[in-house]
Amino acid sequence: MTSTLTPQPVERTKPERPGAVARRRTRVLALPEARWAAAATVFFLLALPLQLTGAPAWTWGPLYALSYVTGGWEPGWEGLKALKERTLDVDLLMVVAALGAASIGQVMDGALLIVIFATSGALEALATARTADSVRGLLDLAPATATRLSPGGGEQAVSVEELAVGDTVLVRPGERVGADGRVLDGASEVDQATITGEPLPVPKERGDEVFAGTLNGTGALRIRVERDASDSVIARIVRMVQEASETKAPTQLFIEKVEQRYSLGMVAATLAVFLVPLAFGEQLTDALLRAMTFMIVASPCAVVLATMPPLLSAIANAGRHGVLVKSAVVMERLGQVDAVALDKTGTLTEGSPRVTDVRSLPASGLDEDEVLTLAAAAERPSEHPLARAVVDAARERGLGLPDAADFTSAPGVGVTAVVGGRTVSVGAPARLLEAVPGAAAELEESGRTAVLVVVDGTPAGLLGIADRLRPDAAATVASLATLTATAPVLLTGDNPRAAAHLAAEAGIDDVRAGLLPQDKLAAVQEMERTGRKVLVVGDGVNDAPALAAAHTGIAMGRAGSDLALETADAVIVRDELAAVPATVALSRRARRLVVQNLVIAGVFIAGLVVWDLAGDLPLPLGVAGHEGSTVLVGLNGLRLLREGAWQRAAAGGNG
């Protein structure tokens with residue numbers, strides 16, 4: 001039971017408050033698949049204790065019947081429609097197997113099979129609906145209206161859909177940019193992490209390009225519109241996610257790949273077992289009993305349960321350790337990956353800037369702590385991410401921050417304040433850094449953002465600020481390289497210099513920087529065209545198209561965008577990067593157990609079938625053998641629920 005994202009018409013709605021993104025999430029019980037699965041589960045749970053406590057059959061029999069009907073009618077109907085198209089699928093086969101079990105008194109086993117099957121379908125329907133919710137909500141990143149400037153200087157609030165190429169719009173401090181365009185006038189810093197993934201706001205001045213949906217800083221910008229709303233980068237991300245979801249090959253569990261042959265073979269064989277002896281004069285009752293026994297022992301219950309328990313146990317174990325794997329299909333696919341593409345900001349890194357270097361300059365006569373104290377005191381009133389990084393660094397060192405007076409902030413320049421009677425300026429424009437070219441260049445070459453601290457007109461020190469590598473990043477990269485026999489690739493929208501420096505720290509050689517969302521998508525598609533099964537790990541809106549197109553996508557959960565979380569096949573809820581290779585290794589272990597179980601189930605089925613055809617297999621013994629094999633493979637699959645299974649996956653590298 002698989003599903004793909006069906007694109008729906010996208011309607012823009014205005015967020016409830018400025019800067020907020022409206023969240024429109026499909027409720028679980030709004031889905032008919034979820035309602036039917038819930039009803040089947042409730043009826044099953046009501047019937048089970050009654051049966052186990054020895055209550056009369058009339059008390060629990062109708063409840064089991066309701067479980068069959070509510071959980072089985074929809075897959076049964078879909079199976080009949082497939083049969084009308086001259087195909088047999090696992091939906092109909094499972095319903096027939098459940099009814100076959102009930103016909104010989106194994107009512108509880110058949111109901112359990114129905115509940116498992118219905119629940120699996122409901123989970124897949126929910127995952128699809130939530131993905132569609134996020135795609136439809138993505139355009140809310142861009143504002144519903146923009147301020148258009150008339151040639152005479154007047155202002156008019158218009159819907160962004162009304163903007164035409166060549167219009168001029170005003171973007172005030174703190175507003176989101178309404179259209180893709182180019183700056184005509186003004187200076188500011190724009191947070192464009194949703195598009196490029198860059199961890200720091202980017203200075204924008206005359207001639208620079210800006211994107212719809214990005215967040216303006218403290219300066220005002222006049223922007224000339226260069227693209228229609230339908231062709232903005234945000235709109236193109238929506239289309240890419242939809243197209244990738246549509247064209248991504250339908251996923252199937254291993255057993256589903258052979259369901260047609262197995263289904264047709266079983267039906268044909270059952271008819272032959274009934275009709276051939278009958279043609280040679282065997283009694284109708286004996287022929288029917290033999291055929292019924294054959295249908296039971298050859299039914300796919302053990303085969304299906306050979307597949308599901310290991311995968312579901314792996315999902316449950318991963319969930320206990322902060323990894324949400326959205327379906328059994330995803331768990332199986334994770335073990336197939338042989339190439340990995342990693343995002344940088346928020347994935348390999350912590351996603352927030354940190355002060356990595358504090359250097360005092362000889363002319364100032366100040367030491368490092370004094371430089372950091374003055375800089376942090378001046379920056380404390382600012383809301384800029386760099387300012388927060390400086391203040392946090394001072395507090396981590398236990399430095400007391402004096403009060404600052406006469407605070408001013410100039411977009412693209414920095415801040416100035418009076419601290420303890422001294423005028424302190426903190427900023428990173430090139431004209432300031434020209435005063436200390438050697439030291440600033442050294443920091444910039446190492447992938448840091450250089451910030452100059454000036455005290456009373458004299459350069460006093462330099463701060464190096466960068467997005468810090470996660471502590472477990474290098475070990476994770478090494479584990480993924482071992483698992484896939486190929487070193488991971490870094491795909492990032494950040495600048496090449498910062499990307500190369502961080503990649504070197506993490507142990508990655510293949511670095512592709514400066515990528516927009518469509519470039520990341522193209523890189524993944526290129527890798528897949530060479531026959532690789534690519535795992536993409538990311539966290540932002542800009543990663544969503546690549547996550548959707550990849551063989552398997554994993555999103556980092558703590559700061560991940562809604563679209564990335566819903567588009568990805570799995571989510572690292574606790575934001576622990578080391579959980580990625582552990583989950584891949586656990587999936588490989590689950591796949592090995594699936595193969596073991598299929599062998600066990602196959603041996604039992606083959607033995608019982610031969611006995612039934614060549615000898616005289618009593619029906620109760622056939623049922624016992626069939627149910628015994630089902631229990632055996634089920635217990636074997638449940639081994640992955642143990643804590644040791646995760647520990648071995650996390651430590652062993654190969655599961």
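None of these values were measured; they are calculated from a predicted model.
Between the side chain of Ser382 and the main chain of Glu379, no donor-acceptor pair closer than 3.5 Å is present. Between the side chain of Glu528 and the backbone N or O of His551, at least one donor-acceptor pair lies under 3.5 Å.
Here the CG-OG1 distance, from Asp406 to Thr423, works out to 8.5 Å after rounding to the nearest 0.5 Å. A distance of 4.0 Å separates CG in Asp543 from CG in Asp343, rounded to the nearest 0.5 Å. With values rounded to the nearest 0.5 angstrom, Leu535 atom CG is found 7.0 Å from Leu480 atom CG. Atoms CG and CZ, from Leu170 and Arg222 in turn, are 8.5 Å apart once rounded to the nearest 0.5 Å. Residue Thr583 holds its OG1 atom at 6.0 Å from CD1 of Ile554, rounded to the nearest 0.5 Å. The CD atom of Glu368 sits 10.0 Å away from atom CG of Leu463, with the distance rounded to the nearest 0.5 Å.
Remark: Glu576 pairs with no residue by the salt bridge (Lys or Arg N to Asp or Glu O under 4.0 Å) rule, at least two apart or across chains. Not a single side-chain hydrogen bond (donor to acceptor under 3.5 Å, both in side chains) links Asp367 to another residue, sequence neighbours left out. Listed by chain and number, the residues in a side-chain hydrogen bond (donor to acceptor under 3.5 Å, both in side chains) with Glu396 amount to none (sequence neighbours excluded). Residues that satisfy the side-chain hydrogen bond (donor to acceptor under 3.5 Å, both in side chains) test with Thr168, not counting sequence neighbours, are absent from this structure. With sequence neighbours excluded, the residues satisfying side chain to side chain contact (heavy atoms under 4.5 Å, CB included) with Pro402 are Thr373, Ala377, Val419. In this structure, Arg395 has no salt bridge (Lys or Arg N to Asp or Glu O under 4.0 Å) partners at least two apart in sequence or on a different chain. For Arg206, the salt bridge (Lys or Arg N to Asp or Glu O under 4.0 Å) criterion is met by no residue, not counting sequence neighbours. For the salt bridge (Lys or Arg N to Asp or Glu O under 4.0 Å) test, residues two or more places apart in sequence or in another chain that qualify with Asp369 are Arg397. A search for side-chain hydrogen bond (donor to acceptor under 3.5 Å, both in side chains) contacts involving Thr458 returns nothing, not counting sequence neighbours. Judged as a side chain to side chain contact (heavy atoms under 4.5 Å, CB included), and not counting sequence neighbours, Ala478 has no contacts.
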Let me see the working for Lys344 and Leu490 under side chain to side chain contact (heavy atoms under 4.5 Å, CB included), right down to the final yes or no.
-> CA-CA 7 Å; Lys344 183 180 83 70; Leu490 182 63; 3.9 Å; yes
Output side-chain donor-acceptor pairs under 3.5 Å for residues 502-510, partner residues at least two apart or in another chain, one line each.
residue: Glu505; atom: OE2; partner: His501; partner atom: NE2; Å: 3.0
residue: Asp510; atom: OD1; partner: Arg512; partner atom: NE; Å: 3.4
residue: Asp510; atom: OD2; partner: Arg512; partner atom: NH2; Å: 3.2

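Residue pairs satisfying the salt bridge (Lys or Arg N to Asp or Glu O under 4.0 Å) criterion with at least one member in residues 143-160, sequence neighbours excluded, are listed as follows: Arg148-Asp167, Glu155-Arg172.
Glu226 has a carboxylate O that lies under 4.0 Å from a charged side-chain N of Arg182, or vice versa, which qualifies the two as a salt bridge.
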